[in-house]
Number of protein chains: 2
Amino acid sequence: MGMTIRDIAREAGVSTATVSRALRGLPNVDPVTREKVRQVAERLDYVVSPAASRLASGRAGSIAVITPYIARWYFARVLSGIEGVLQASDLDLLLSSIGDPQEVGHVPPHRKLRRRVDGFLVISLPTETEGVSEIFDLEQPVVLIDTDHDGCSSIGIDDIAGARMAVQHLINLGHERIGLISGRPRPTPFRPEDNRYAGYRDALQDAGLPVLTDLEACGHFTIEGGERAMTTILARPNPPTAVFAMSDEMAFGALRSLRAHGLEPGRDVSVVGFDGHEMSEHLDLTTVVQPVEEIGARAARMLINAVDDPNRETKHDVLPLDMVVRGSTALRRR
Amino acid sequence: MGMTIRDIAREAGVSTATVSRALRGLPNVDPVTREKVRQVAERLDYVVSPAASRLASGRAGSIAVITPYIARWYFARVLSGIEGVLQASDLDLLLSSIGDPQEVGHVPPHRKLRRRVDGFLVISLPTETEGVSEIFDLEQPVVLIDTDHDGCSSIGIDDIAGARMAVQHLINLGHERIGLISGRPRPTPFRPEDNRYAGYRDALQDAGLPVLTDLEACGHFTIEGGERAMTTILARPNPPTAVFAMSDEMAFGALRSLRAHGLEPGRDVSVVGFDGHEMSEHLDLTTVVQPVEEIGARAARMLINAVDDPNRETKHDVLPLDMVVRGSTALRRR
DNA sequence: CGCGTTGCTGCAAGCGTTTACGCCCACAGA
DNA sequence: TCTGTGGGCGTAAACGCTTGCAGCAACGCG
C-alpha cells in the first residue's frame, strides 16, 4: 500500500534513481542489478505511483477519446478497436463523449482535458465542432477518424468510392430511379456524409442518370429516421425502384417501411446500406462493409507513435471497403 | 502552458494556498478573494495540473470501468450511461476491457490499475474472474453491475422475475412446450444467466409444466448462436411451440432460424427475448425491457458517492423491468 | 478591557517520482 | 604509469500542487 520507490531501493540496496531506471527498462543499468530490482518490486508487489511519475516526467500517460456517441454501433466498435490496442500500451484510455453543449454544466472537452492527456483521438467529429477545434491549439498529437485537418494524422475510408460502389451496383441491376436516404440536410460539416453524397451523385451522373432531389430524404442515422425517410420517399409521385442508405441502421428502417407498405425489399425496391453492421446479414441487406474495429486500432497505433515521437510525420490512412451483396438488391423488374 | 498555481497567486496577490482553496470551492475563503482568483485563473486560462494535484492530495481523480466487451449492445449502452454521469463529475473515466487472459502480454486489470483510480465499476463480470477478484483486496470502492459481492454496492435487475414474466406470458398464451435459448452451458459463474434460468424453470413449475432439457440450447449471447440454438431445438423430436431467449440478440437469430425453416414467428412459434434492444421493435419481437442506460448511470452515481464518502453504507439497487408484447408472440394454435 | 472565537490567509512541509549532473572505477591506449 | 573513456550508479533538485498549522484581525462577551 504505502509502498514507495524508496522501499524498493532500500530493499534492493540501490538508490531510487537506479530503481526508477531499472523498472522502466532504461539503458545504463547492470543487467544483474536490473533483475534484482525487478524481483524485489515483484515480491513487494510494488507499482509506481502514476501521479508522481507524471508530475516528475511531465507526461500525462493517457490519451483521450473524444466521441459524439458511445452506444451507437459504429462508435462502440471503433472504441473497441482503440481499446484493444491501448490495452497493450502503457497509456490509459480516457473516454469523453462530447455531450450536449446545450446542457447546464457542460464543459467543452478541450478545457476539461488540458494537461491531462498526451494526445487526442477524435471520432467522426467535424473539426469545427466547439470543443474540438480548440484541441488543435493545444499543440498535442491528434488523430482524426473520418475527417482530416492540417498537421494531424487521420484515418478513414474512401466514402466517395464506397457510395459509388453501392450506387453502381444498383445501376448495374438496371435501376434508373435511385433514391437516397442521407443523414442530415446538406451541407453538413460531417465529411463522410458529404462524401457519400458526392459518390452517389457522381455514380448517377457518370451513368447519365439525373440526380433528383425529390428522391432524397434525411434519416439522421437512426432506424426510425430511416423508416420515416423511406416512407417519405415512397409517398412522392413516381417513387424510386432502389435506394441507397448512408448507413445500415437507416437501411434497416427503410426495409421496415417497405414491408409496412406491402413491398418486398429486393423484389419491389432494392436497398443497399453502408457499414457492415452484423445485423445486415440477418436482415439480408446488401451493404458496403467498412473495417470498423481496424479503423479504431490503426488510429490508436498512430496516436501512440505520435506521442512517442512528436515530430514524426503525419499519416493519412484510407482503409479498403468491401461490398456484400444480399437479397435486398435485385434486378429491376420491368 | 507553463502556467502554475504560483503565477495565479502572484497575479492575484495572494498565496498559492489561497488560490488552491479558492479554485476548489473550499470554505474559509473570502468571497471577494475567491472571485478575484477565479477571474485571474480564467483570464490566464489556467487549469490545475492533475498530476500534481493527485500526488499532493492522494486522490487519483479517476475511476475505472472494467468490462468484458465494449462493442456489444448491452455493454456499450451501460458504458454510455456511466459516461453521462461521470462527464459532469470531476472524475476521469478510464476504460478497461478485461481482454482475453489467453493473449500474450495480457495484464490483469487490477495490477495495471493499482494506485491509478479511486474506484471500480465492474460490468457483468463474475466476481471470481481473474483480475476482478483481486480488485476486492485493493480496499477501494467497487460497484458491481449485474452481480454482487460482500461489501460492494451493486445494481442490476431482477432477472428471475424478468424471465418469469416472459415465460408466464407464453404460458398465458396457451403454450405448454416452451423452449429455452440460454447463454452458456449451466452452471455458469454469470449471475444473470443462472437467474434467468431459475425464472424460466420456476414459471414452468408453477404452472405444472415439465422442464424439458431437450428443449434447451445454448446461444452464447450472439445472433449466430441464437440461430444455431433455434435450429438445434427445431431438430429435436416434438419441438416446442414457443421459446424464451435470454437475450434479444439470440432471439433475433432464433427468428431468422424460424423463417429459414418456413415457420412464421408468432403464428407458428412464439419467441420472447430479453433486453429491449432497439432492433426488437423493428423485428417485431416481444421482449423484456431493462433500463440499460439507467443501470449505468445509477452505478456511476453510486460509485461517486462511495468515492466521496468511503464509509457510506453499500446499496443494492434493483431496477424495474417492463415487457413489450409484439408480434413474435401469439396464442398457441390448436 | 481582557480573552476566547471566528474567519481569512500565509508558510512550508510534504506527496513519490524523474533526471541532470557528477562521481567512481575498470579498462584501454600511450 | 598516466590519462582518457564510458558504463554504472547515487545525490539532490525539481515537478506543481495540497494541507496542517499558525498568525492575525475583528468581533462579541463578561
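Each chain gets a letter, A, B and so on, in the order the sequences are listed, and its residues count up from 1. Values in this document were obtained by computation on a predicted structure and should not be read as measured data.
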Residues in side-chain contact (heavy atoms from CB on, under 4.5 Å) contact with [X], at least two apart in sequence or another chain:
{"X": "Glu294(A)", "value": "Pro291(A), Arg298(A), Arg301(A), Leu319(A)"}
{"X": "Ser15(A)", "value": "Ala17(A), Thr18(A)"}
{"X": "Ser133(B)", "value": "none"}
{"X": "Arg34(A)", "value": "Ala22(A), Val29(A), Arg38(A)"}

### Task
Mind jotting down which residue pairs meet the side-chain hydrogen bond (donor to acceptor under 3.5 Å, both in side chains) criterion with at least one end in residues 54-65 of chain A? Sequence neighbours excluded, please.
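Every side-chain hydrogen bond (donor to acceptor under 3.5 Å, both in side chains) pair that includes a residue of residues 54-65 of chain A, provided the two are not neighbours, is Arg54(A)-Asp92(A).
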
### Sugar-phosphate or base contact per nucleotide [nucleotides 14-28 of chain D; S, B, -; heavy atom under 4.0 Å]
-BBBSBB--------

### Task
Using the test side chain to side chain donor-acceptor pair (under 3.5 Å), find all partners of Asp7(B) that sit at least two apart in sequence or belong to another chain.
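Per chain and number, Asp7(B) pairs via side chain to side chain donor-acceptor pair (under 3.5 Å) with Arg10(B).
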
### side chain to side chain donor-acceptor pair (under 3.5 Å) partners of Ser20(B), counting only residues at least two apart
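Once residues adjacent in sequence are excluded, the partners of Ser20(B) under the side chain to side chain donor-acceptor pair (under 3.5 Å) criterion are Arg24(B).
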
### Query
Can you name the ring-ring contact (aromatic ring centres under 6.0 Å, His included) partners of Phe136(B), sequence neighbours left out?
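In terms of ring-ring contact (aromatic ring centres under 6.0 Å, His included), with neighbours along the sequence ignored, Phe136(B) is linked to His149(B).
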
#### Entry: Contacts of type ring-ring contact (aromatic ring centres under 6.0 Å, His included), residue Phe75(A), not counting sequence neighbours
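If we apply the ring-ring contact (aromatic ring centres under 6.0 Å, His included) test to Phe75(A), skipping adjacent residues, the hits are Tyr69(A).
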
### Message
Just to be sure I understand the geometry, which residues of residues 27-38 of chain B put a non-hydrogen atom under 4.0 Å away from DNA chain C?
### Response
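Here the set is Asn28(B), Val29(B), Asp30(B), Thr33(B).
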
### Query
What are the two closest non-hydrogen atoms of Leu93(A) and Leu79(A), and how far apart are they?
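Smallest heavy-atom distance, with atoms named: CD2-CD1, 4.4 Å.
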
### Message
Please report the end-to-end axis angle for the helix from dC1(C)-dG30(D) to dA30(C)-dT1(D), five pairs per end, rounded to 10 degrees.
### Response
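Computed angle between terminal axes is 40°.
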
